[in-house]
K.L.:
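Shown below is the structure under consideration.
Residue numbers start at 1 and run along the sequence shown.
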Amino acid sequence: MFAMIAACHRADGRHTMDLAQRAKVDRYNKEAFLNRYHDPSCAIAEAYDALDLMRDSLPTYYDGLLRAYNNLAFNYYMLAEHDSAAAYIDSVLTLADSHLAWGSAQNKEVEKVIAKLTRIRLLQRSCQIAESYQLLYDIEHSRVLTRNNDNYLYAYARMEYYITSLTLNYHYRNESGTSSSGTLLASNTKHHMRQLLDDVEEARTELKCDYTEDLSLNYALAHSYYRLASASNSDPALLAKAYHHLANNLRILSLPNHYSIYHLANVFQLQAFIVADTNIENEACFQHNAQAIHLLDSLSRGLYPPDSVYLDGDYGLDMFRISTDLFFRTSDPYQHLGAVVAAAEYCLRIGEYDRAHDYYARILSDTTWHDNMAPKFEAMLYDGLIRLGYSPLAEDNIAWHNREAELLFFIRQNESADVMLQDRLNHSETQNHYYVITIFTILPLLLMLMVLVVMLVNRSRRLKDEKLALQEAKRQDVERIANVETCLSVMRHDVNPFLSYLQNKKLSPELRQEVLDQLLRTFSNIKNWTNLSIPSGLIFRPEHFALQEVFDSVKNTCINVHDNVVLHFEPTDIVIHGDRQLTEILIRNLVNNALQHTTEGLVTLSAECEDEKYAHIRVTDTGKGMDEATMEDLFRTDKKINSDGEQSHGFGLILCKYIIKRHDDNTLRGCRIWAESQLGAGTTMHVILALAQKEE
């Protein structure tokens, strides 16, 4: 089995799981699970088939691996092969806690709980009650079973938890000696069992696994109610509940394909226990539950034919004989031993010594059971052999007596350990109770303190937000003042040349009109830039539009005051995603700016696509160009007025910068503008805008 774990570790983590093979593994595991009570040997073979398939094809299917190991552990438990069961339990816990299954096994936590519950069953059989209860306590406080999960493994684990808890209380925590009848529950056990029964009955409707698990839980409930009735002066209401759950089991067993020898044997044996129990008043029992007992007998006759088994003799003898015969048809030697011990003990009590002798002979000739498999039953066996005088040989009786004393000493040691554990856990619970009281005492103060802290934090946050808002308002006010100052300075600088032209009385009417048009456009730029540079200014209206339409509009409205300058617009079929009006203002300003600074030569407007996402627009002129210092300050509002009085590029480029920023903020496409220039060799202005995409 550990070779499998090693194989998993060597497997490539990128291995692709074959879904068909995985489904086959799940099917093997499911069949192994469903056969756990009917045919444990077959279930073990099916679990090994799952392991073989995973070893060959699915080395990293850890959920399947954990399920197969748990199936093997439970079915070896059903065969009383406790060493093998313990080994596979260890395999589940080792694999689930290793780094191999981290993040890849969805069910590792619940599989760990199932493995621990199977270990508790093993510990209970060997009377190691303290360890059993400690594990049960750990499972309860791990909170794994409190998760709302529709996975059937969680329902199975919860049902196993309740079955194990009930079994621990009704069968092991009592004040009896070695007899199977007349046992008295300890007072704290009775209280705990009543609370546990209420919890199980409340949760029962939510627990859905398979019918064999229903049979097991019904039997555990019936046995618990019977034990409580035995410890409560034959309480008829408790006995009625016990018979109710037994009848439910017989109804399930009567359904097609639901027959189970193991669970039918449990029904007969529990009826026998009720009859044999010296604390149950048989007359009162039959009087209060006559209808339920009649129903049980009717169902039993159909499930265990021949009618000859129901003789007009001792009812308890018949029930013990039937249950023993049924248990010997199973492959669980633990049940063989337990059935014989219970039946022989009843025979000894009513004086049927020959029958008791036959039962003891049957178990002594049974080679399937062994020492230490069931210390409690084994001690009861030797006690009965000695009391019956089964062997006339003194050495046999001495050996039996010594073995019984050894087993009883072992059992008492474990019972003492259990008492110490209960005291420790009770002390821990008491401390926790005091802690809870302390917490609830100081909780109101803590809540008041928390409320005060929250109020202070909120107040501090509001003050901080108000401070930031004031700072932002101040910054915007400063920016507006700076824009106004810059606006006035640049406007004076840009308007002066046009005013000089207009004062020239020799200026021709045509040229005078062109100057007036240029002056009007300068004022329009100032207005547009002012709108764009303040909050809630010019609204951005995105749309798809043909760039050629913008080129045509700009060509019809731009002003060329130099006869020696040729204006060339290259045709384009590009479609832009952006604001058409702002794009036209942008290109018109770039073209007019190029014309303004070019006295002869060529001004060219062109566009091309880049990476099927962007439009690259170029405005190229053969003007005087710019040096590096001028280019660095080209788009800065605080650098537009030169101290030496040289002509500035004015509001045109400032406005272009703001238009590009609006496009980039609203399209998130990396829109930008930059210049390339060489002094005396002309300038090229580059613009990147977004292309219209099909999905937009």
K.L.:
Salt bridge or not between R580 and E543? Use side-chain N to carboxylate O under 4.0 Å.
P.N.:
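No.
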K.L.:
Quick one: list whatever passes side chain to side chain donor-acceptor pair (under 3.5 Å) with E213, sequence neighbours left out.
P.N.:
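Expected list: R36.
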K.L.:
Any sub-3.5 Å donor-acceptor pair from S142's side-chain atoms to I139's backbone N or O?
P.N.:
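Confirmed, S142 side chain pairs with I139 backbone.
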K.L.:
Do N218 and R204 touch side chain to side chain, with heavy atoms closer than 4.5 Å?
P.N.:
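Yes, side chains in contact.
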K.L.:
Ion pair present between D214 and K208, side-chain N to carboxylate O less than 4.0 angstrom?
P.N.:
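No, no charged N to carboxylate O under 4.0 Å.
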K.L.:
Is the shortest heavy-atom distance from the side chain of V25 to the side chain of L51 under 4.5 Å?
P.N.:
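V25 does not reach L51 side chain to side chain.
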K.L.:
Assign the ring pair Y69 / Y88 to parallel, tilted or perpendicular, where the plane angle (0 to 90°) is split at 30° and 60°.
P.N.:
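Rings of Y69 and Y88: tilted, as their planes differ by 30° to 60°.
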K.L.:
Counting only N and O atoms by type, is there a donor-acceptor contact under 3.5 Å from the side chain of S460 to the main-chain atoms of L456?
P.N.:
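Not at all, since once roles are kept as given, no pair shorter than 3.5 Å links the two residues.
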K.L.:
Which atoms form the tightest heavy-atom contact between L582 and D579, and what is the distance?
P.N.:
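Here L582 and D579 meet closest at N-OD1, 3.0 Å.
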K.L.:
Salt bridge between D665 and K661, side-chain N to carboxylate O under 4.0 Å?
P.N.:
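So D665 pairs with K661 through a salt bridge.
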K.L.:
Determine whether a donor-acceptor pair (N or O, by modelled atom type, separation under 3.5 Å) exists between the side chain of D664 and the backbone of I660.
P.N.:
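Here the side-chain-to-backbone pair does not exist.
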K.L.:
Okay, side chain of R125, backbone of Y77: is any donor-acceptor separation there less than 3.5 Å?
P.N.:
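Checking the backbone N and O of Y77 against the side chain of R125, a donor-acceptor pair under 3.5 Å is found.
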K.L.:
Looking at every non-hydrogen atom in both residues, tell me the closest pair between I114 and A157 and how far apart they are.
P.N.:
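Heavy atoms of I114 and A157 come nearest at CG1-CB, 3.8 Å.
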K.L.:
Taking the side chain as every heavy atom from C-beta outward, state whether L136 and E140 have any atom pair closer than 4.5 Å.
P.N.:
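No, their side chains stay 4.5 Å or more apart.
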K.L.:
Are R119 and E131 within salt-bridge range, i.e. N to O under 4.0 Å?
P.N.:
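Looking at E131 together with R119, the answer is no, because their closest N to O distance does not fall below 4.0 Å.
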K.L.:
Please determine, by modelled atom types, if H245 and N249 share a side-chain donor-acceptor pair under 3.5 angstrom.
P.N.:
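Distance-only check fails for H245 and N249.
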K.L.:
Looking only at heavy atoms, which two atoms of C656 and I673 are closest? And how far apart?
P.N.:
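Minimum heavy-atom contact is CB-CD1, 3.9 Å.
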K.L.:
Between V113 and Y154, is any pair of side-chain heavy atoms under 4.5 Å apart?
P.N.:
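The answer is no; the side chains never approach within 4.5 Å.
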K.L.:
Are the side chain of D611 and the backbone of K613 linked by a donor-acceptor contact shorter than 3.5 Å?
P.N.:
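Checking the backbone N and O of K613 against the side chain of D611, no donor-acceptor pair under 3.5 Å is found.
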K.L.:
Does any N or O in the side chain of H141 come within less than 3.5 Å of the main-chain N or O of Y137, such that one atom is a donor and the other an acceptor?
P.N.:
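Present.
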K.L.:
With a 4.5 Å cut-off on side-chain heavy atoms, are L95 and S98 touching?
P.N.:
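Yes; the side chains approach each other to less than 4.5 Å.
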K.L.:
Quick one, K241 and L197 - any side-chain contact, counting heavy atoms below 4.5 Å?
P.N.:
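Side chain of K241 against side chain of L197, heavy atoms only: no contact under 4.5 Å found.
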K.L.:
When you compare the side chain of Q21 with that of M54, does any pair of heavy atoms fall below 4.5 Å?
P.N.:
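With C-beta onward as the side chain, the pair stays apart.
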K.L.:
Classify the ring geometry of F74 against Y37: parallel below 30°, tilted from 30° to 60°, perpendicular beyond 60°.
P.N.:
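It falls in the perpendicular class, over 60°.
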K.L.:
Less than 6.0 Å separating the ring centroids of Y152 and F33?
P.N.:
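Ring centres of F33 and Y152 closer than 6.0 Å.
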K.L.:
Please answer whether the main-chain N or O of E111 pairs with a side-chain N or O of N70 as donor and acceptor at a distance below 3.5 Å.
P.N.:
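Yes; judged by distance alone, with no hydrogens or angles, the pair exists.
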K.L.:
What's the shortest heavy-atom distance between M631 and A675, and which atoms?
P.N.:
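Answer, listing the atom of M631 first, then A675: CE-O, 3.2 Å.
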K.L.:
For Q106 and D63, which heavy atoms make the closest approach, and how far apart are they?
P.N.:
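For Q106 and D63, the tightest heavy-atom pair comes out as N-OD2, 3.0 Å.
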K.L.:
Do other residues, nucleotides or ligands put more than 12 heavy atoms under 6.0 Å from the CD atom of E628?
P.N.:
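Open: at most 12 neighbouring heavy atoms sit under 6.0 Å from CD of E628.
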K.L.:
Over 60° means perpendicular and under 30° means parallel, so tell me whether H223 and Y219 are parallel, tilted or perpendicular.
P.N.:
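Because their plane-to-plane angle is over 60°, the rings of H223 and Y219 count as perpendicular.
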K.L.:
Are Q128 and L122 close enough that some pair of their side-chain heavy atoms sits under 4.5 Å apart?
P.N.:
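No, too far: nothing below the 4.5 Å cut-off.
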K.L.:
Of all the heavy-atom pairs spanning A32 and A47, show the shortest one and how long it is.
P.N.:
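Minimum heavy-atom contact is CB-N, 4.0 Å.
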